[in-house]
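First the structure, in the form of structure tokens, and then the observations on it.
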Amino acid sequence: MSFSTGKAMITYFHTKIIMEIYSTKAFRRKQKILVESSYSSSLQFYSEPPTGNITLKEFDELSFLRAIERINLSGHAKNSEEWMQKIFEDFQKNKFFIISADKIGGTKNEDVINARRKDHLSHFILRLAYCRSEELRRWFVAQETDLFRARFVRVAKMGADFSSFLKENNLHFSQISEEELKQESVNLMMATYNINSVDQLEDKTFFKVPFVEALELVRNRKVFLKKGFAYVPSSDLVTLVSTVFRSKLSQALTATYKALPQIEDDERLYSLKDFDKRHTGSDYSQKKSASGQQITPEMLNHLSTTSFPLCMRHMHEYLNTQHHLKHGGRMQYGLFLKAAGLKLEDALKFWRSHFTKNMDVDKFEKQYAYNIRHNYGKEGKRTDYTPYSCMKIITTNVGAGDCHGCPFKHNDSNILKQKLINYQVSSDIVNEILDLTNKHHYQIACQRYFEAKHHSTIESGVNHPNQYFEESVAILHGTKTPNKAASTPNIKYQHSVLTSQSQASPSTQSQNAADISGVESMLFDDDDDMDDALFEVAMQTDVNS
């Protein structure tokens, strides 16, 4: 039994393998928790793996997590009302299951339960795919935590699910009484963020929380402290709960990573090995001209300057000067041109015109023409190969002398800077792009490059070189109205809280691996520092013992 890839048939994935991976002492107990039948809340800590048989049709891809990443870098202040509104507008527009999962009613209808089950299943499958490296774990934790935070705030406003979630996950935050609220009203008014008068306390609910569990709020001086407790308004509970969520998920990912060697050869997990590289949009398998006209070799010099993404423009210019590309470059650029609308006969003409400047025609026909016809499905297995997505290009290996790959990732910063300046990108945008690449946001950097060249934005973000090309041609030919270019990305890294177990004995560490209460806490400058420390603690702790 194997996973479906591309358009192959959907096969069944028996989640017993997930039970094996996430098995701990608690999971090995005879008591079975049937999660599917008890989705009383749309919010989940994903503490228990799913049971039973599922199909890959039952979980959505990475689209909604990548949507969160795109919105985070689109100019909206993270965790603001506008940020949350944009997230759920995107979910609604794309009909992601999250919208149905978050619905609340007196009796949960079948659609809601199915959506919550899909949420549960997709999380665990993505956890298998994204535990494989430090970079993947950090990305997954960041997006899942942001998703959890947005959903928590939304559900908290609705009421019912919020209470059941806190109860089911033993988050016993003690609500202060009316009497204590009146007694401490002046102190609460003076110490609580965004409250300027005692009258504003009337509609507020406060919870007493041990201050070590609210260090982020304490550090930012947002709460009143008394006798070791922080008085946290209900609106700020999301900070505490999302910290617990992040800690648990980080440790769970590390436990999954440690279990991978035991199950890596299972054929049912084969396609998860490169799951993070998959493109979830159009695969551009149909050869066409985005402008509605035939793309010919004579047009490529002009198109490369007006409508090619940076990676393809770089290879085209290299080909013009060196008249040769190595295999990786021929594959990346050749498949791009095929999807852009260059016919096989024209492709052979184009490559022949360059390569024969360094070799005779016979050598080209014997060593290179076959591969070109092969890419068009005319040789070998006769597979009509699809062009590379941004994720595949970004994660490809680039060696010495290669000119393919993603310039935003694989080029030296000084070389990239000079190239952008030569392409008449303004100095402000150049600095933005360099800052984004230093933070590993390569696709966002590409989008900023698109905006600089077209004074328009791509709402869905740049996910594929041929998407970039088609959007560019549509704007330049007037078949699409330009969207106003986005403002400078407002990238904000939220300060975080981490429970440190470095002072605890090994037995205590193992016992409290997933529990952030009652132990020493410490602060970090940003989420990446927190994740690094979480993963390091989890790697040193045998959570499966």
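Note that these values count all heavy atoms, side chains included, but never hydrogens, waters or copies made by symmetry. Here the structure is a predicted model, which is why all the values come from computation and not from measurement. Position 1 is the first residue of the sequence, and the numbers go up from there.
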Handout entry: Test item: E451 side-chain N/O and S456 main-chain N/O as donor-acceptor pair under 3.5 Å
Key = no
Handout entry: Stepwise side chain to side chain contact (heavy atoms under 4.5 Å, CB included) test for H410 and H404
Key = CA-CA 9 Å; H410 298 116; H404 63 284; over 6 Å; no
Handout entry: Residues R246, E144: salt bridge by 4.0 Å N-O rule
Key = no
Practice task
Could you grab the distance from atom CD1 of I68 to atom CG of D146, nearest 0.5 Å is fine?
Solution key: 6.5 Å
Practice task
Verify, without hydrogens or angle tests, whether H314 (side chain) and L310 (backbone) share a donor-acceptor contact under 3.5 angstrom.
Solution key: no
Fill in the blank from the handout: Looking only at heavy atoms, the pair that brings Y370 and G380 closest together is OH-N, 3.6 Å
Problem - Test item: D402 side-chain N/O and G399 main-chain N/O as donor-acceptor pair under 3.5 Å - result: yes
Problem - I421 side chain reached by V425 side chain, heavy atoms, under 4.5 Å - result: no
Exercise for the section: Verify whether one side chain among E89 and Q85 offers a donor that lies under 3.5 Å from an acceptor in the other. Expected result: yes
Practice task
Would you indicate whether the side-chain heavy atoms of L434 and L416 approach each other to under 4.5 Å?
Solution key: yes
Practice task
Over 60° means perpendicular and under 30° means parallel, so classify the ring planes of H354 and F350, tilted if in between.
Solution key: perpendicular
Practice task
First locate atom CG of L136, then atom CG of L253, and finally report the distance between them rounded to the nearest 0.5 Å.
Solution key: 10.0 Å
Exercise for the section: Please check if atom NZ in K357 has more than 12 non-hydrogen atoms from other residues, nucleotides or ligands closer than 6.0 Å. Expected result: yes
Problem - side chain to side chain contact (heavy atoms under 4.5 Å, CB included) between K343 and T296, worked out - result: CA-CA 8 Å; K343 289 186 176 182; T296 65; over 6 Å; no
Exercise for the section: Quick one: sort the F245 and Y46 rings into parallel, tilted or perpendicular, breaks at 30° and 60°. Expected result: perpendicular
Handout entry: Side chain to side chain, Y130 and V141, heavy atoms closer than 4.5 Å
Key = no
Exercise for the section: Would you check if the distance from the ring center of F336 to the ring center of Y388 is below 6.0 Å? Expected result: no
Completion exercise
Quick note, side chain to side chain donor-acceptor pair (under 3.5 Å) partners involving residues 300-309, not counting sequence neighbours, are N301-H316, N301-N320, S307-S472
Practice task
Give a yes or no on whether the backbone of K378 and the side-chain of R373 come within a donor-acceptor separation of less than 3.5 Å.
Solution key: no
Practice task
Using atom types as modelled and distance alone, determine if a side-chain donor or acceptor of T321 lies under 3.5 Å from a backbone N or O of Y318.
Solution key: yes
Practice task
Indicate yes or no: does R313 engage E317 in a salt bridge with an N to O separation below 4.0 Å.
Solution key: yes
Completion exercise
Between the CZ atom in F140 and the OG1 atom in T145, the distance rounded to the nearest 0.5 Å is 9.5 Å
Exercise for the section: Would you check if the side chain of K453 reaches a backbone N or O of Y423 as a donor-acceptor pair within less than 3.5 Å? Expected result: yes
Exercise for the section: Might you work through the side chain to side chain contact (heavy atoms under 4.5 Å, CB included) test for M84 and R154, ending with a clear yes or no? Expected result: CA-CA 8 Å; M84 293 185 190; R154 189 167 185 255; over 6 Å; no
Practice task
Answer yes or no on whether K338 is positioned over the face of Y376, meaning its NZ or CZ is under 6.0 Å from the six-membered ring centre and within 45° of the axis.
Solution key: yes
Practice task
State plainly whether the residues E82 and K86 are in salt-bridge range, i.e. N to O under 4.0 Å.
Solution key: no
Handout entry: Check: K366 and K363 side chains under 4.5 Å, non-hydrogen atoms
Key = no
Problem - Side chain K409, main chain I394, donor-acceptor under 3.5 Å - result: yes
Problem - Closest approach of D412 to N414 (non-hydrogen atoms, all atoms of both residues) - result: OD2-N, 2.9 Å
Handout entry: Parallel, tilted or perpendicular: ring planes of F364 versus Y368, cut at 30 and 60 degrees
Key = parallel
Completion exercise
NE2 of H120 to CD1 of I125, rounded to nearest 0.5 Å, is 11.0 Å
Handout entry: Minimum side-chain heavy-atom gap P465-I393 below 4.5 Å
Key = yes
Handout entry: Heavy-atom check, side chain of N438 versus side chain of S413, under 4.5 Å
Key = yes
Exercise for the section: State, yes or no, whether a side-chain contact exists between L344 and I372 at a heavy-atom distance under 4.5 Å. Expected result: yes
Problem - Distance in Å, R117 CZ paired with S122 OG, rounded so as to fall on 0.5 Å steps - result: 11.0 Å
Practice task
Output yes when K439 and D435 qualify as a salt bridge under the 4.0 Å nitrogen-oxygen rule, no when they do not.
Solution key: yes
Exercise for the section: Given side-chain hydrogen bond (donor to acceptor under 3.5 Å, both in side chains), test T457 with Q447 step by step and report yes or no. Expected result: CA-CA 7 Å; T457 188; Q447 179 166 340; 3.0 Å; yes
Fill in the blank from the handout: Residues A445 and T437: closest non-hydrogen pair is CB-CG2, 3.9 Å
Handout entry: H464 ring center within less than 6.0 Å of Y468 ring center
Key = no
Practice task
Examine distances only and state if a side-chain atom of D346 and a backbone atom of L342 form a donor-acceptor pair shorter than 3.5 Å.
Solution key: no
Fill in the blank from the handout: On a heavy-atom basis, the closest approach of N466 and A339 is ND2-CB, 3.4 Å
Problem - Parallel, tilted or perpendicular: ring planes of Y442 versus H440, cut at 30 and 60 degrees - result: perpendicular
Problem - Least distance between heavy atoms, S242 atom then R149 atom - result: OG-NH2, 3.2 Å
Completion exercise
d(R137 CZ, L249 CG) to nearest 0.5 Å is 11.0 Å
Handout entry: Salt bridge R151-D119, side-chain N to carboxylate O under 4.0 Å
Key = yes
Problem - Under 3.5 Å: donor-acceptor pair, side chain of N358, backbone of H323 - result: yes
Practice task
State whether a side-chain donor-acceptor pair under 3.5 Å links R127 with H123.
Solution key: yes
Problem - Ring-ring centroid check F355 H324, cutoff 6.0 Å - result: yes
Handout entry: Sole residue of K419, Q424, Q418 in side chain to side chain donor-acceptor pair (under 3.5 Å) with N422
Key = Q418
Practice task
May I ask you to test the W351-L319 pair for a side-chain heavy-atom distance under 4.5 Å?
Solution key: yes
Handout entry: Pair H374-R382, side chain to side chain contact (heavy atoms under 4.5 Å, CB included): steps then yes or no
Key = CA-CA 7 Å; H374 189 271; R382 300 190 179 276; over 6 Å; no
Handout entry: Check: L325 main-chain N/O paired with R330 side-chain donor or acceptor under 3.5 Å
Key = yes
Fill in the blank from the handout: Heavy-atom closest pair (Q332 atom, C311 atom, distance to 0.1 Å) is NE2-CB, 3.9 Å
